[in-house]
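Note sheet for the following structure.
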Amino acid sequence: MIIKMFNFWYFFWIIVCAGIFVGLYFLLRNKSDKTKKITLFSILLFALALHFLKCLFPPYSTDRDRLYRDIFFVNICGANIFLFPIFFLTKSKVLKDYMFYLGLLGGGIALFYPAEPMLKAEQNAEVLDVIRFYIHHAILCFVPLLMVLFKLHKLDYKRVWSAPVCLLGVMLFIMLNQVIQSELGFVPLRGDNIFDIGYKNSSYIWGPDDAIGNFIAKFCPKWFTSIPAGAHAGEMKYWPWVWMIFPVFLLLTPVAFLICLPFDFKNLKKDVLCVKEKCKTLFEKKNDTKENKR
């Protein structure tokens with residue numbers, strides 16, 4: 001089983017994932033809210049358990065160093081695997097908004113551009129990990145979507161700020177994971193070279209390191225890309241995590257708004273009409289005032 005863009009296996013797994021989503025939807029749509037919640041939460045717990053069970057098969061079972069590096073939650077989707085069950089149980093609308101936006105984006109993008117399986121040198125020898133990849137990202141995408149479709153959570157376009165704010169919070173969580181790994185000796189996070197972004201940088205926390213990261217960096221203010229003081233003052237060095245603040249808000253907020261639009265269009269339309277009516281009233285009052293002065 002070799003996965004490449006647009007080959008048989010590429011479409012096979014997309015069709016399988018789509019079929020599972022449709023099956024879950026029709027299986028649960030007439031069930032009680034309690035049953036829906038228990039089922040979706042159980043699926044999230046299964047994803048978390050699978051994250052740790054991957055140590056039983058290659059490449060993790062055959063490469064202890066990689067196991068120690070990857071068993072931590074060191075990228076956005078990995079962190080979401082850990083955090084989504086917690087967020088699902090909370091009453092926080094903001095955290096559930098984040099689940100929807102980042103689950104749909106992170107899981108969806110991974111399914112349609114499966115970079116991790118495609119980059120594997122030996123896909124046939126690591127077929128179980130490829131299947132694990134699809135299960136994880138399908139769950140990240142489908143559970144939040146079903147949560148909204150079943151009206152277990154209602155989106156609000158006024159809360160689209162939750163996507164960038166929560167994402168930056170999750171990045172801090174990932175950063176903490178990496179620091180712990182370094183302190184325990186699992187990864188050389190910095191070493192003697194302060195300009196080395198480290199082993200794991202899939203979320204660009206330590207700076208851009210590929211074409212996508214360089215595109216994101218275009219939205220970062222210059223003062224977050226160099227050392228401000230000390231012996232290395234002026235030398236190029238992205239401020240860890242901080243450099244992502246502006247790009248995350250500028251890029252993710254409009255995307256989250258567009259994703260939310262189909263689910264909250266009525267409220268947006270209502271608010272637009274309300275604002276339009278208020279503007280019309282103010283305009284008429286100004287005209288009346290001018291007429292009275294005459």
Side-chain angles (χ1 to χ4, degrees), residues 1 3 8-54 57 73 75-117 127-156 159 162-163 166-167 170 255-256 258-265:
M1 182 179 69
I3 297 171
F8 169 80
W9 289 109
Y10 170 86
F11 288 109
F12 173 82
W13 285 111
I14 289 178
I15 292 170
V16 167
C17 291
I20 292 172
F21 171 76
V22 173
L24 277 172
Y25 176 79
F26 283 103
L27 181 67
L28 294 173
R29 64 172 182 167
N30 294 322
K31 303 296 183 181
S32 67
D33 285 353
K34 182 179 180 180
T35 299
K36 292 172 183 173
K37 288 178 181 178
I38 291 174
T39 302
L40 295 182
F41 179 65
S42 298
I43 293 172
L44 292 174
L45 284 182
F46 168 72
L48 179 58
L50 183 59
H51 175 81
F52 294 104
L53 289 173
K54 68 183 182 182
F57 49 81
F73 306 100
N75 57 51
I76 296 297
C77 289
N80 287 340
I81 287 292
F82 174 75
L83 294 170
F84 274 17
I86 301 171
F87 291 173
F88 187 82
L89 288 180
T90 68
K91 294 182 179 179
S92 172
K93 295 179 180 179
V94 169
L95 293 179
K96 288 181 178 177
D97 280 353
Y98 168 82
M99 282 182 66
F100 178 79
Y101 295 128
L102 268 297
L104 218 60
L105 284 171
I109 290 172
L111 293 177
F112 285 98
Y113 183 67
E116 185 179 325
V127 63
L128 290 177
D129 193 49
V130 172
I131 295 172
R132 189 251 348 139
F133 169 89
Y134 279 99
I135 291 173
H136 267 154
H137 291 89
I139 288 174
L140 288 176
C141 182
F142 297 159
V143 169
L145 181 56
L146 288 171
M147 178 180 70
V148 171
L149 289 176
F150 290 146
K151 297 183 172 22
L152 300 176
H153 173 65
K154 190 176 186 314
L155 297 172
D156 186 338
R159 290 198 306 267
S162 64
C166 291
L167 177 58
V170 170
V255 172
L258 291 174
I259 295 174
C260 177
L261 206 54
F263 299 92
D264 199 35
F265 182 74

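Position 1 is the first residue of the sequence, and the numbers go up from there. Any value given below was found using the heavy atoms of this structure, including those in side chains, with hydrogens, waters and symmetry copies removed.
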Please identify each residue that fulfils side-chain contact (heavy atoms from CB on, under 4.5 Å) with Phe26, with sequence neighbours left out. Val22, Arg29
Tell me, please, which residues at least two apart from Val16 pass side-chain contact (heavy atoms from CB on, under 4.5 Å). Phe12, Trp13, Ile20
All ring pair (Phe, Tyr, Trp, His ring centres under 6.0 Å) counterparts of His153, not counting sequence neighbours: none
Can you name the ring pair (Phe, Tyr, Trp, His ring centres under 6.0 Å) partners of Tyr25, sequence neighbours left out? Phe150
According to side-chain contact (heavy atoms from CB on, under 4.5 Å), who are the partners of Leu89, at least two apart in sequence or on a separate chain? Phe41
With sequence neighbours left out, write down each residue that passes ring pair (Phe, Tyr, Trp, His ring centres under 6.0 Å) with Phe84, or none if nothing qualifies. none
Asp33 meets the side-chain contact (heavy atoms from CB on, under 4.5 Å) criterion, sequence neighbours left out, with Lys36, Leu152
Partners of Thr35 by side-chain hydrogen bond (donor to acceptor under 3.5 Å, both in side chains), sequence neighbours excluded? Ser32
Derivation of the side chain to side chain contact (heavy atoms under 4.5 Å, CB included) call for Cys17 and Tyr134: CA-CA 8 Å; Cys17 291; Tyr134 279 99; 4.2 Å; yes
Check side-chain hydrogen bond (donor to acceptor under 3.5 Å, both in side chains) between Tyr101 and all other residues, then give those that pass, not counting sequence neighbours. none
Contacts of Asp129 meeting salt bridge (charged side-chain N to carboxylate O under 4.0 Å, His left out) (sequence neighbours excluded), chain-then-number -> Lys120, Arg132
Pairing residues for Phe265 by the ring pair (Phe, Tyr, Trp, His ring centres under 6.0 Å) criterion, not counting sequence neighbours: none
Would you please name every residue forming a salt bridge (charged side-chain N to carboxylate O under 4.0 Å, His left out) with Lys37, sequence neighbours left out? none
Under 3.5 Å: donor-acceptor pair, side chain of Lys96, backbone of Thr90: yes
